[in-house]
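Count residues from 1 along the sequence.
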Amino acid sequence: MSEPRFIGDASVLPDHGFGPRSTTWWGVSGFMAIEGAGFALAFAAYFFLMAQERQWPASAPAPDLLWSSATLILLLVSELPNIWVKRAAEREDLRAVRHGLIVMSLIVLPIFATRALEFDRLNIGWDRNAYGSITWALLLMHTIHLITDWVDTLVLTALMHTHHGAEGRRFVDTSENALYWHFIVASWLLVYGVIYWLPRTHG
């Protein structure tokens, strides 16, 4: 005979939740807010410096579009498996999450390759002038976010292939990691527009 459960018995409640029910979601959301503020300050510095110059870009041609656009396409494509693994995590489908995390771990590698080529095609050194410094700073900021999420994804992939993968909180971690990838893709849309297209439209 099973033991009776009483109203208000916390032991019957789930030990994890997704979205705003998760402390991880609040932590990731707060982190994205802080990092978003960092990007906003960098954009403000970029526009301030641009306003001080008669010509922008200063003493350099505009950065090449080829590899930056390739990065954009790869990031947008990466959202397909990212959305899939987020939904699988919220279904607590361990097999699908394992496969999805492997895909997300690998899909970043060509993005790193195009990003490396981007740095080589900025057409200016970071120490040449203020324009070069802020352009490199914006690209480097986004690259650090890419690396951070990739390392987090590798750790989650390893954990999901151990006995820890069956823990509910690991599915929550996977879901919130996918949320952070949304932030990386969205922030690149802004950085891409500022670095690569604004110099082409500024008179």
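Residues L198 and L72 share a hydrophobic cluster, clusters being chains of Ile/Leu/Val/Met/Phe/Trp/Tyr side chains in contact below 4.5 Å. L154 is connected to I107 through a chain of hydrophobic side-chain contacts under 4.5 Å among Ile, Leu, Val, Met, Phe, Trp and Tyr, so both are in one cluster. Connection of I73 to I83 is not established within any shared hydrophobic cluster, with ILVMFWY side chains joined at heavy-atom distances below 4.5 Å, either directly or through further cluster members. In the hydrophobic cluster analysis, where Ile, Leu, Val, Met, Phe, Trp and Tyr join through side-chain heavy atoms closer than 4.5 angstrom, I102 is grouped apart from W84.
The backbone N or O of Y180 lies less than 3.5 Å from no partner atom in the side chain of D149, so there is not a single donor-acceptor pair. Formation of a donor-acceptor pair under 3.5 Å by the S78 side chain with backbone atoms of L75 is found in this model. A donor-acceptor pair under 3.5 Å is absent between the side-chain atoms of T114 and the main chain of A70, judged by distance alone. Checked by atom type and distance alone, the side chain of W181 never pairs as donor or acceptor with a backbone atom of E79 at under 3.5 Å. Put simply, the side chain of W136 gets close to the backbone of I124: a donor and an acceptor are under 3.5 Å apart. A donor-acceptor contact shorter than 3.5 Å is absent between the side chain of H142 and the backbone of V191. For N123 (side chain) and A60 (main-chain N/O), no donor-acceptor pair under 3.5 Å exists by modelled atom type. A donor-acceptor pair under 3.5 Å links the side-chain atoms of N82 to the main chain of A178, judged by distance alone. Between the side chain of H161 and the backbone N or O of T157 there is at least one donor-acceptor pair closer than 3.5 Å. Distance alone, capped at 3.5 Å, places no donor-acceptor pair between the T135 side chain and the G132 backbone.
Taking CZ from R115 and CH2 from W67, the interatomic distance works out to 13.5 Å, rounded to the nearest 0.5 Å. Atom-to-atom distance recorded for Y46:OH and S133:OG is 12.5 Å, nearest 0.5 angstrom. Taking CD1 from I195 and CG from L139, the interatomic distance works out to 5.0 Å, rounded to the nearest 0.5 Å. One distance of note links CG of L49 with CZ of F47; it measures 11.5 Å at 0.5 Å rounding. Separating the CG atom in L146 from the CE atom in M141 is a distance of 12.5 Å, to the nearest 0.5 Å. One finds the CZ atom of R170 at 12.0 Å from the CG atom of N177 (value rounded to the nearest 0.5 Å).
Within a 6.0 Å radius of CZ in F48, no more than 12 heavy atoms belonging to other residues, nucleotides or ligands are found.
Between D64 and R200 the shortest heavy-atom distance is CA-NH2, 4.2 Å. Here the closest heavy-atom approach between residue T71 and residue W188 is recorded as CG2-NE1, 4.0 Å. A pairwise comparison of heavy atoms in L101 and V85 identifies N-CG2, 3.9 Å as the closest pair. The minimum heavy-atom distance linking A158 with T162 is given by the pair O-CG2, 3.3 Å. What you find for Y196 and E118 is that their closest heavy atoms are OH-OE1, 2.7 Å. Residues Y192 and S68 approach most closely at CE1-OG, 3.5 Å, considering heavy atoms.
Between F39 and F183, the two ring planes are tilted [angle within 30° to 60°]. Using a 30° and 60° split on the angle between ring planes, W56 and Y131 fall in the perpendicular class, above 60°.
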Give the C-alpha distance, both sets of side-chain angles, the deciding distance and a yes or no for side-chain contact (heavy atoms from CB on, under 4.5 Å) between R98 and L94.
-> CA-CA 6 Å; R98 284 173 171 172; L94 181 58; 3.7 Å; yes
Verdict with reasoning, W150 to I111, per side-chain contact (heavy atoms from CB on, under 4.5 Å) = CA-CA 11 Å; W150 181 58; I111 296 174; over 6 Å; no
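With contacts defined as side-chain heavy-atom distances shorter than 4.5 Å, the pair M104/L106 does not qualify. In this structure the side chain of H182 reaches within 4.5 angstrom of the side chain of L179, judged on heavy atoms.
Of the residues E90, E92, R87, the one that meets the side chain to side chain donor-acceptor pair (under 3.5 Å) test with S175 is E90.
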